[in-house]
Amino acid sequence: MIKGFIFDLDGVITDTAELHFEAWKALSDEMGWAFDHEVNDKLRGISRTDSIKVILDHNNTSLDDKTLDALAAKKNDIYVKSLDKMTSDNYLPGAEELLTHLRTEGFLVALGSASKNAEKVLLQLNANKYFDIIGDGHSVSKSKPAPDIFLFGAEKLKLQPEECIVFEDAESGINAAKAGGFYSVGIGPKDRVGHADLRFDTMAEATLFEVKAHFKDLFS
Ligand code: BG6
Ligand code: MG
């Protein structure tokens, strides 16, 4: 039976994927690197350090670790500044409604994000009230597609993976959910999250009613 939900943050609760894009794009322009939305999609769910490595690979470039860390920090400064403008108006359509509904129905809810900035994002959105447990980029060392962040959330909620549904917009995130033995809901196109147990194009369609209808044997 499903007792809990674990949500990715960026691209599920709020559209930070676009803010991450703008920050990486600003850094790439300064460095003369090619960077577009297609490359940005590959960065969904993966850590900051892994992200810069993907961008460097795309440009057939490599850098020593010190330079790499400094440039990733520079991108992060741009990204964090852009978060100042975020308010509770910036939930993705449907996200806050779903979180509210889960609260009303008494489900346990955890955050399972790779971001080290999750605390700030939740604060800007005023979203802490929707979560029983916060798992973020500081909680585990192995990032998605490893299942660790979701296992962390389930353990803190005192639930088994098969009692939880994970919401994810990233290919690596759905892989992580599957590797951990969780049920998964993918948010986004088929070529990105088509391997999820259930997929919606956007969060607006991902209502509790639809989720329950799909996993009907798992809800009492
Ligand atoms: C994930 C995003 O949630 O967090 C990735 O999907 C991002 O794109 C990762 O790289 C790490 O985020 P941050 O905020 O720690 O740089
Ligand atoms: Mg995401």
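By convention here, the first residue in the shown sequence is residue 1. Remember, it's 1-based here, ligands and their atoms both numbered in the order they're listed.
Contact check for N90 versus Q124: no side-chain heavy atoms found under the 4.5 Å cut-off. At a threshold of 4.5 Å between non-hydrogen side-chain atoms, the residues S139 and I149 count as touching.
Within a radius of less than 2.8 Å around the Mg ion (ligand 2), the protein N, O or S atoms are D8 OD2, D10 O, D169 OD1.
Between D8 and R44, none of the side-chain N atoms (NZ, or NE/NH1/NH2) sits under 4.0 Å from a carboxylate O, so this pair counts as no salt bridge.
Residues satisfying the side-chain contact (heavy atoms from CB on, under 4.5 Å) test with L151, not counting sequence neighbours, are P147, P161, F182.
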Short N or O contacts of ligand 1 with protein, under 3.5 Å, listed by atom name?
| residue | atom | partner | partner atom | Å |
| --- | --- | --- | --- | --- |
| ligand 1 | 3 (O) | D10 | OD2 | 2.6 |
| ligand 1 | 4 (O) | D10 | OD2 | 3.4 |
| ligand 1 | 6 (O) | G45 | N | 2.8 |
| ligand 1 | 8 (O) | L43 | O | 2.9 |
| ligand 1 | 10 (O) | I46 | O | 2.7 |
| ligand 1 | 10 (O) | S51 | OG | 3.3 |
| ligand 1 | 14 (O) | S115 | OG | 2.6 |
| ligand 1 | 14 (O) | N117 | ND2 | 2.7 |
| ligand 1 | 15 (O) | R48 | NH2 | 3.1 |
| ligand 1 | 15 (O) | K116 | N | 2.7 |
| ligand 1 | 16 (O) | R48 | NE | 2.7 |
| ligand 1 | 16 (O) | R48 | NH2 | 3.4 |

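Pairs engaging residues 185-214 under the ring pair (Phe, Tyr, Trp, His ring centres under 6.0 Å) rule: none recorded [sequence neighbours left out].
Taking the ring centroids of F35 and H58, they lie at or beyond the 6.0 Å cut-off.
Here the straight-line distance linking atom OG of S172 with atom CZ of R192 works out to 10.0 Å at 0.5 Å rounding. Between the CG atom in D136 and the NZ atom in K120 there is a gap of 15.0 Å [rounded to 0.5 Å].
Of the possible donor and acceptor atoms, none in the side chain of E105 sits under 3.5 Å from a partner among the backbone N and O of L102.
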